[in-house]
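Computation of the quantities below employed the complete heavy-atom set of this structure, encompassing side-chain atoms and omitting hydrogens, waters and symmetry-equivalent molecules. Counting convention: from 1, in listed order, for ligands and their atoms alike.
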Amino acid sequence: DVVVMKDVTLGFGQALDKCRQESDLTEEKMEEFFHFWRDDFKFEHRELGCAIQCMSHFFNLLTDSSRMHHGNTEEFILSFPNGEVLARQMVELIHTCEKQFDHEQDHCWRILHVAECFKSACVAHGIAPSMEMMMTEFIMESE
Ligand code: M21
């Protein structure tokens, strides 16, 4: 469900400011986290992978080996309205992507590849929110 995905993205994005410094993700590389869903968004900066690792860590969504913690991730998604429609599916999609890049030793690069794979999977499954939807909500939240 695209509305739930929008809410989860904005919730997760709350941690971006806490992670910018330690991951070296400047505003030039990513202004706001919801740009993740832009059609033309490029997954090219290792710093974004580091930032997603830091943000995931902030919400306690990672294991000791920096893989997704399935239980905590499901709980995190369930904490959003109607989260139950997405929780299992999201965990599945991310895990399927994780398996594809398990050989990558560098956590930041691996997580960046997993994130790109996850976005493509969401587009393919029709659960990727539109940019219009993301921006409208983002502006409403900041007013
Ligand atoms: C829906 C909200 C945000 C999406 C963000 C990034 C998702 C990327 C998943 C990376 C998971 C990291 C696990 C690494 O093995």
Exercise. Please list all pairs passing the disulfide bond (SG atoms under 2.5 Å apart) test where one or both residues lie in residues 32-87, with sequence neighbours left out.
Key: Cys19-Cys54, Cys50-Cys108

Practice problem: Could you name each residue pair satisfying disulfide bond (SG atoms under 2.5 Å apart) that touches residues 70-107, not counting sequence neighbours? | Solution: Cys97-Cys117

Practice problem: For the residue pair Glu98 and His95, confirm or rule out a side-chain donor-acceptor distance under 3.5 Å. | Solution: yes

Practice problem: Give a yes-or-no answer on whether the side chains of Trp37 and Thr9 include a donor-acceptor pair shorter than 3.5 Å. | Solution: yes

Self-check item: Whether Phe76 and Phe80 hold their rings parallel, tilted or perpendicular, with breakpoints at 30° and 60°
Solution: perpendicular

Quiz item: Residues in side chain to side chain contact (heavy atoms under 4.5 Å, CB included) with Glu31, at least two apart?
Solution: Glu27, His35

Between ligand 1 and the protein, find all N/O pairs closer than 3.5 Å and give the distance for each.
{"unit_1": "ligand 1", "atom_1": "15 (O)", "unit_2": "Glu98", "atom_2": "OE2", "d": "2.5"}
{"unit_1": "ligand 1", "atom_1": "15 (O)", "unit_2": "Arg110", "atom_2": "NH1", "d": "2.9"}

